[in-house]
Participant: 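Okay, handing you the structure first.
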Amino acid sequence: MADLEERFDRTIERDQRVEPRDWMPDGYRATMIRQIAQHAHSEIIGMQPEGEWITRAPSLRRKAILLAKVQDEAGHGLYLYSAAETLGADRAELTGMLIEGRQKYSSIFNYPTLGYADVGVIGWLVDGAAICNQVPLCRSSYGPYARAMIRICKEESFHQRQGYELLMTMMRGTEAQRAMVQDAVDRWWWPSLMMFGPPDDASPNTARSMAWKIKRHTNDELRQRFVDMSVPQAEALGVTLPDADLRWNAERGHHDFGPIDWSELQRVISGNGPCNARRVAVRRAAHEDGAWVREAATAHAAKAAGRVAGTDAGMGGGG
Amino acid sequence: MSGWPLYEVFVRSKRGLNHVHVGSLHAADDETALRHARDLYTRRNEGVSIWVVRSDHIAATSPDEKDPFFAPSGDKVYRHPTFYAIPDDVPHM
């Protein structure tokens, strides 16, 4: 046991990857499963806010782009469930925990998308924040997770750019379109900052996750990076970020920004955001409505296997 | 869904390269596994050929026996070209 633990520690220390069949501490396994599952759930629930706009996309071009993006979110969820399974988690059980509200997903998806500009702002800010979070995870100590993150990050780049391009197009449009963009930015800016999680002094697991190289930077470091990236992008776009305290601090070499309302994050995480109940209900309905498809495919496979084996699989004659 | 077996997916990204393991998925049978693999792992022309194999059909070495299992090749340094000292002025070696 001490021997196994030593080998694990040495792997982490040398910046090598932990692989599925390696021995690992129970805490590491549990933390990884929780983190990957929550990440997978976020991708799956994350299909909804934008998916609601597919039928209302303003052009065929935008519709094709949005469809591809939402398909990507589904794909990302599946890469991640696949990674979670390498740790012994059961995929059906993970879905069960999501629709029973026993596991969480990113709080950002509990906000509504009120207009098409929201689709653009989600791509720019929400996916931008996700990229900040995810790029360091490509070096996560758990191999399958790191590999899934590499695939995901490549695809997220399309997500962010299509969003920003959408917004640039709207900003070149009418006064009303520019107002829609500004309104969407005003609503999504603070929730985007909250995506990085609680401040470091209120994030008790950070130290252990950093030691295990599950996490490479603290929440506040990543949040600062995101703010510094976003300010020039907002300027280029011609929108204002809704923070009177936001200004360059030459001494720090970073932007200062105003205090975040952590009680709001707490409220949304604990289930009382604007859309929590709806998001989970939609996911549950999709799962339950899809049951017949799963059953039919299983029955078909059993029947086909029976035919190959030269026996009737008991599905009745005439098939 | 866990009623469906787990498949491992291998993709050849282009002619001339080996198939490489890219992940896994659940499917009712081989044919749907291939279709799911196409939809999930080759949305951007990442592959020209896909293999799927049921995970429970893969035999693998155990990480616990890692050292003894691979030990036989550990002390055979003479299998490497660098084991042999050849003077620098001998060409094309």
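Everything numeric in this text was worked out from a predicted model, so none of it was measured.
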Participant: Within the supplied structure, the quantity of interest is the number of heavy atoms (other residues, nucleotides, ligands) at a distance under 6.0 Å from N45(B) CG; does it exceed 12?
Facilitator: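 No.
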Participant: Are the side chain of R21(A) and the backbone of T61(B) linked by a donor-acceptor contact shorter than 3.5 Å?
Facilitator: yes
Participant: Check this for me: K76(B), atom NZ, are more than 12 non-hydrogen atoms of other residues, nucleotides or ligands nearer than 6.0 Å?
Facilitator: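 Above 12, so yes.
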Participant: Got a sec: does the CG of D56(B) have more than 12 other heavy atoms crowding it under 6.0 Å?
Facilitator: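 Correct, the count exceeds 12.
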Participant: Crowded around D75(B) CG? As in, over 12 foreign heavy atoms under 6.0 Å?
Facilitator: yes
Participant: Nearest 0.5 Å please: distance from the OG1 atom of T86(A) over to the CD atom of E8(B).
Facilitator: 9.5 Å
Participant: Side-chain contact test, heavy atoms from C-beta onward, threshold under 4.5 Å: evaluate it for Y41(B) versus R151(A) and give yes or no.
Facilitator: yes
Participant: Any chance you could measure R44(B), atom CZ, to F158(A), atom CZ, to the nearest 0.5 Å?
Facilitator: 6.0 Å
Participant: Is L40(B) close to chain A through its backbone or its side chain, or both, or neither, when contacts mean heavy atoms under 4.5 Å?
Facilitator: both
Participant: Atom CG of residue position L60(A) - does it have more than 12 heavy atoms of other residues, nucleotides or ligands inside 6.0 Å?
Facilitator: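 Incorrect, the count does not exceed 12.
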Participant: Which atoms form the tightest heavy-atom contact between Y79(A) and R43(B), and what is the distance?
Facilitator: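 Minimum heavy-atom contact is OH-NH2, 3.3 Å.
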Participant: Could you have a look at E85(A), Q71(A), K154(A) and say which one has the most heavy-atom pairs with chain B under 4.5 angstrom?
Facilitator: E85(A)
Participant: Could D29(B) and K303(A) be called an ion pair, given the rule that one side-chain N must be under 4.0 Å from one carboxylate O?
Facilitator: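 Not counted as a salt bridge, because no side-chain N and carboxylate O are separated by less than 4.0 Å.
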Participant: At a 4.5 Å cut-off on heavy atoms, which part of E31(B) comes close to chain A: side chain, backbone, both, or neither?
Facilitator: neither
Participant: Heavy atoms only: give me the nearest W4(B)-V293(A) pair and the separation to one decimal.
Facilitator: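 Nearest heavy atoms, W4(B) then V293(A): CZ2-O, 4.5 Å.
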Participant: Heavy-atom distances under 4.5 Å only: say whether S24(B) touches chain A with side chain, backbone, both or neither.
Facilitator: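 Contact with chain A involves both backbone and side-chain atoms of S24(B).
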